[in-house]
There are 2 protein chains.
Amino acid sequence: MGAGNDNLTVPTSAESITFGMLPELIGYRLRIAQIGIFRDFCTSVDEPEITPTLFGALVLIDANPGMKQTQLADAIQLDRSSVVSVLDKLEARGLVERVRAPENRRANALHLTTEGRRILDSLIPQVRAHEERVLRNLDPAERAQLQKLLGRLVLAAG
Amino acid sequence: MGAGNDNLTVPTSAESITFGMLPELIGYRLRIAQIGIFRDFCTSVDEPEITPTLFGALVLIDANPGMKQTQLADAIQLDRSSVVSVLDKLEARGLVERVRAPENRRANALHLTTEGRRILDSLIPQVRAHEERVLRNLDPAERAQLQKLLGRLVLAAG
DNA sequence: TATTGTTATACTCTATAACTATA
DNA sequence: TATAGTTATAGAGTATAACAATA
């Protein structure tokens, strides 16, 4: 009976409507949550044009210096060809560089530039603040529980 | 300690990588979950080309006969203009009809057709089975808890 | 032959702005 | 003037297929 939103209300212009079975569906809840969080992320982050996808790529390259494009594609659930445009954007802004891998000259080793590192460092507190805002109605135990439950969903492979 | 996936592994081709801070971020977890659920939904549902969005529109129109397009737009978090194409698809398949509202001749009252009702009735058990599959690692209390926590996130308005 | 990255291309989804018809 | 729906249009994001270089 908390201050929650079990009956799901979305701000609607005129008289309110009923959502039928939708609020019972985890897929629907997730979709609504993700749309809202995506919007909040984009308005919370100072760097223009940095989306959750680009931020995720920066984090992964930072955590795995020299990783290959195919590995990045797997990690962010995109096709190889889609990763090309992600990296084109990051490289155009001077945040990432593609270095021909000496041991396998088909592959590119990905690295943050100094500027990429600087931007990532400035983004992290902004993203943490954004997360804090989204989660502000949940106490630490509830946040941990939410993480854990999301991690146990059974998801279709790419 | 459960059978969970706290450390987040995504099937990756070569040597595995580390995800850095991403697994701590609720936005990242939600995005991964939503991509996987969307894929599972589309392969689970027999009707071709029925996406979660179209299914949601059918449920809402069924639950609110005569609702207006603007109300539907608010409910599914789309612009008025985007709802036009949603309804065009549903109407082209004979599932929904737009009836000029007599009390306000600018507006359309939305209704399921007999065929729309029939298709919705056949979709519901498929969607329930899909949800059951996604949630199969969670017991009833955990499912309820997940719903409740998702409902308490603070989301940006449209 | 298989793999890595790239290109060309097309498709879907969505929003913005301008339009129409009603109010 | 304001509202409901539509259209035209453009942008972002993604995938598929074919290609070059390398293994």
Side-chain angles (χ1 to χ4, degrees), chain A residues 12-15 31-32 34-36 38-39 41-43 48-57 61 66-92 96-110 156-158, chain B residues 12-15 31-32 34-36 38-39 41-43 48-57 61 66-92 96-110 156-158:
Chain A
T12 198
S13 47
E15 323 87 275
R31 193 154 61 91
I32 294 296
Q34 220 233 301
I35 293 171
F38 187 96
R39 285 186 176 134
F41 184 103
C42 294
T43 61
E49 320 291 319
I50 291 287
T51 58
T53 298
L54 295 186
F55 174 75
I61 295 167
M67 76 185 297
K68 307 305 187 291
Q69 294 187 198
T70 301
Q71 290 178 302
L72 181 58
D74 289 340
I76 58 180
Q77 312 241 34
L78 287 179
D79 188 83
R80 271 172 18 236
S81 64
S82 305
V83 163
V84 172
S85 84
V86 167
L87 290 171
D88 284 350
K89 282 173 199 145
L90 295 175
E91 213 173 28
V96 162
E97 54 185 5
R98 295 186 247 218
V99 181
R100 205 95 226 163
E103 81 283 5
N104 179 350
R105 301 194 9 259
R106 293 173 298 190
N108 288 331
L110 304 176
Chain B
T12 198
S13 47
E15 323 87 275
R31 193 154 61 92
I32 294 296
Q34 220 232 302
I35 293 171
F38 187 95
R39 284 186 176 134
F41 183 104
C42 293
T43 61
E49 318 292 319
I50 291 286
T51 59
T53 298
L54 295 186
F55 174 74
I61 295 167
M67 75 186 297
K68 306 305 187 292
Q69 293 186 200
T70 301
Q71 290 178 302
L72 181 59
D74 289 340
I76 60 180
Q77 312 242 34
L78 288 178
D79 189 83
R80 273 172 15 235
S81 63
S82 304
V83 163
V84 172
S85 83
V86 167
L87 289 171
D88 285 349
K89 282 174 199 142
L90 295 175
E91 213 173 27
V96 163
E97 53 186 5
R98 294 186 249 219
V99 181
R100 205 96 227 164
E103 81 285 3
N104 179 349
R105 300 194 10 258
R106 292 174 297 191
N108 288 331
L110 305 175

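What you see is a predicted model, and the numbers here were worked out from it, not measured in a lab. Below, chains carry the letters A, B, ... as their sequence lines are ordered, and counting in each starts from 1.
Between atom CD of residue Gln77(B) and atom OG1 of residue Thr53(B) there is a gap of 11.0 Å, rounded to the nearest 0.5 Å. In this structure, CG on Leu72(A) lies 11.0 Å from OG on Ser82(A), to the nearest 0.5 angstrom.
As judged by a 4.0 angstrom heavy-atom cut-off over every strand, Thr53(B) is placed among residues making no nucleic acid contact.
Both Asp79(A) and Asp79(B) lie near DNA chain C, and the one whose nearest nucleotide falls closer to the 5' end is Asp79(A). For the pair Arg106(A) and Ser82(A), both in contact range of DNA chain D, the more 5′-proximal nearest nucleotide belongs to Ser82(A).
The shortest side-chain heavy-atom distance between Ile61(A) and Leu87(A) falls under the 4.5 Å cut-off. Leu110(A) is not listed as a side-chain neighbour of Gln71(A), based on a closest heavy-atom distance of 4.5 Å or more.
Following rounding to the nearest Å, Ile35(B) (CD1) and dT12(C) (P) show an atom-to-atom distance of 19 Å. Taking atom CD of residue Gln69(B) and atom P of nucleotide dA21(C), one finds them 16 Å apart after rounding to whole Å. For the pair Arg31(A) CZ and dC13(C) C1', the computed distance is 12 Å after rounding to whole Å. Note: CG (Leu78(A)) to P (dT6(C)) measures 14 Å, nearest angstrom. In this structure, the CD atom of Gln71(A) is 15 Å from the P atom of dT3(C), given to the nearest Å.
Bending across the helix from dT1(C)-dA23(D) to dA23(C)-dT1(D), expressed as the angle between its end axes from five pairs apiece, amounts to 10° (10° rounding).
Ser81(B) meets the side chain to side chain donor-acceptor pair (under 3.5 Å) test with Asp79(B); sequence neighbours excluded. A search for salt bridge (charged side-chain N to carboxylate O under 4.0 Å, His left out) contacts involving Glu49(A) returns nothing, not counting sequence neighbours. Listed by chain and residue number, Arg98(B) satisfy the side chain to side chain donor-acceptor pair (under 3.5 Å) test with Glu91(B) (two or more places apart in sequence, or in another chain). Residues that satisfy the side chain to side chain donor-acceptor pair (under 3.5 Å) test with Arg106(A), not counting sequence neighbours, are Asn104(A). For Gln34(B), the side-chain contact (heavy atoms from CB on, under 4.5 Å) partners two or more places apart in sequence, or in a different chain, are Leu30(A), Arg31(A), Gln34(A).
The side chain of Asn108(A) has dT6(C) as its nearest neighbour among dA21(C), dT6(C), dT14(C).
A pairwise comparison of heavy atoms in Ala57(A) and Leu90(A) identifies CB-CD1, 3.9 Å as the closest pair. Closest approach of Lys68(B) to Asn108(B), counting heavy atoms only: CD-O, 3.2 Å. The heavy-atom pair separating Phe41(A) from Thr51(A) by the smallest distance is CE2-C, 3.7 Å.
For Arg80(A) against dG5(C), a side-chain N or O and a base N or O form a donor-acceptor pair under 3.5 Å.
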Show the distances under 3.5 angstrom between N or O atoms of the protein and N or O atoms of nucleotides 7-10 of chain C.
none

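The span of DNA chain D lying next to chain B, judged by atoms under 4.0 Å from heavy atoms, is bounded 5' to 3' by dA2(D) to dA15(D).
Proximity of residues 98-105 of chain A to DNA chain C (heavy atom under 4.0 angstrom from any strand atom) is restricted to Arg98(A).
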